[in-house]
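Ligands are counted one by one from 1 in listed order, and the atoms in each one are counted from 1 as well.
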Amino acid sequence: MDLVSVEEINQRIEVFEASQAVAGRLLTVVERDDVGAREVATVVSADPVLVQRVMRMANSAFYGTGGRVRELHAAIAVLGFDAVRSLALTSFVEGSGTITPQDWEHSITTAVAAGEVAKIIGADQQQAFSLALLHDIGEAVIASLDPSYQASLVARRTAPLTAETEQMMLSEERKRYGLHHASIGADILASWNFHPDLVQAVAQHHTPKGSLSRTHAALVDGDRIAHLISSDLDLGASQELAGILLPNYVSDAQLEGLLGSVRVRSLSMIADLF
Ligand SMILES: [Fe+2]
Ligand SMILES: [Fe+2]
């Protein structure tokens with residue numbers, strides 16, 4: 001086993017402590033109506049990992065900034081405060097070592113897909129994107145308590161989401177841990193003082209009995225699209241499933257374009273971020 005130096009341990013602790021403080025301060029700062037990008041940048045700048053992530057995301061091809069964003073406050077203005085807050089909270093949870101690159105990949109693909117769906121159905125794109133980044137935060141909590149859970153996540157994400165698989169997954173989690181990841185995630189968002197509508201959207205991202213809101217619809221369908229993209233189904237099969245799983249706001253002719261665009265845009269953001 002590799003020996004870990006005291007310096008490395010201290011560095012890690014410092015980064016974790018910084019993230020914790022930054023996430024906490026950001027939660028209060030972004031709630032204020034009079035806050036500006038420069039003030040948010042001052043808070044973010046205390047966490048080098050977060051600074052790097054915000055800069056990379058703002059310069060990713062997804063935002064079409066052509067890699068020309070050089071200053072932190074400008075990067076924050078490009079992403080919007082909600083997305084910066086989601087990144088800070090995810091980085092904070094990641095500090096306890098429970099968010100894998102595959103988890104990031106799923107969050108980002110869902111966020112990109114939720115943003116695309118939001119555009120089609122007239123929901124707030126930035127809100128849908130930011131919420132989708134955090135929608136599975138409950139999984140990170142379970143994974144930190146039970147390492148074997150992580151292996152099941154890998155298998156789960158390569159299977160399309162259907163009403164039956166979602167029900168099975170939630171009831172298995174409830175049987176094993178007493179709660180499922182969607183309700184754990186909602187509890188965390190509530191403790192971070194997220195708006196009750198967003199908390200409800202996360203609580204019911206696998207149990208959609210009709211849409212609670214447009215943001216909820218964008219999240220649910222964004223998640224389904226992300227699962228379809230990660231599955232090893234061929235294009236024809238995933239289009240057929242998408243036609244069944246997604247409500248009919250996307251015509252069959254548009255489906256191929258939607259799946260292709262989410263695939264390309266999320267892959268490019270992942271490549272730019274890591
Ligand atoms: Fe989920
Ligand atoms: Fe998900």
Side-chain angles (χ1 to χ4, degrees), residues 83 86-87 89-90 93-94 98-118 123 127-146 149-190 192 194 198-209 211-213 215-233 238 241-242 245-246 259 262-263 265-267 269-270:
S86 289
L87 281 180
L89 293 170
T90 314
V93 174
E94 192 179 32
T98 50
I99 298 187
T100 63
Q102 290 79 13
D103 297 335
W104 272 105
E105 211 173 298
H106 175 66
S107 300
I108 288 172
T109 311
T110 308
V112 171
E116 291 280 326
V117 173
Q127 188 179 68
F129 180 92
S130 307
L131 189 67
L133 275 180
L134 288 173
H135 77 287
D136 274 335
I137 206 91
E139 290 182 342
V141 173
I142 300 179
S144 71
L145 301 169
D146 175 9
Y149 178 73
Q150 199 71 52
S152 70
L153 287 182
V154 176
R156 183 194 285 185
R157 294 208 180 113
T158 51
L161 280 181
T162 62
E164 294 90 64
T165 56
E166 287 182 294
Q167 275 315 311
M168 221 153 61
M169 154 179 97
L170 295 185
S171 72
E172 266 169 32
E173 286 180 2
R174 215 181 289 115
K175 217 163 35 189
R176 235 179 135 152
Y177 312 108
L179 288 166
H180 57 67
H181 74 274
S183 64
I184 296 172
D187 286 349
I188 298 173
L189 261 61
W192 285 334
F194 272 66
L198 301 181
V199 172
Q200 269 315 307
V202 167
Q204 297 193 35
H205 75 272
H206 290 299
T207 44
K209 295 186 192 82
S211 294
L212 300 169
S213 63
T215 304
H216 176 240
L219 171 60
V220 168
D221 293 340
D223 202 13
R224 293 194 164 162
I225 292 171
H227 277 260
L228 279 176
I229 287 177
S230 321
S231 72
D232 34 27
L233 295 173
S238 65
L241 253 179
L245 294 176
L246 304 177
L259 292 176
V262 172
R263 187 179 281 118
R265 299 181 84 199
S266 53
L267 275 178
M269 184 178 278
I270 292 158

Measure from the Fe ion (ligand 1) to every N/O/S atom of [X] and report the name of the nearest one.
{"X": "D136", "result": "OD1"}
{"X": "H206", "result": "NE2"}
{"X": "H181", "result": "NE2"}
{"X": "H205", "result": "NE2"}

Test item: side-chain donor near acceptor, E173 and H181, under 3.5 Å: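 A pair is found: one side chain offers a donor N or O, the other an acceptor, under 3.5 Å apart.
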Heavy-atom closest contact (S231 atom, P160 atom, distance):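 Looking at all heavy atoms of both residues, the shortest contact is CB-CD, 4.4 Å.
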R265/E116 ion pair, N-O < 4.0 Å: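 A salt bridge links R265 with E116.
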N, O or S from H135 under 2.8 Å to the Fe ion (ligand 2):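 Of the N, O and S atoms in H135, at least one lies under 2.8 Å from the Fe ion (ligand 2), which means yes.
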Residue D223 atom name (nearest to the Fe ion (ligand 2); N/O/S):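 It is OD1, the N, O or S atom of D223 closest to the Fe ion (ligand 2).
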Atom pair CD1/CD of I229 and E105 - distance to nearest 0.5 Å: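 Taking CD1 in I229 and CD in E105, the distance rounds to 11.0 Å.
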Matching residue for H106 among T100, D223, L153 - test: side chain to side chain contact (heavy atoms under 4.5 Å, CB included):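 Passing option: D223.
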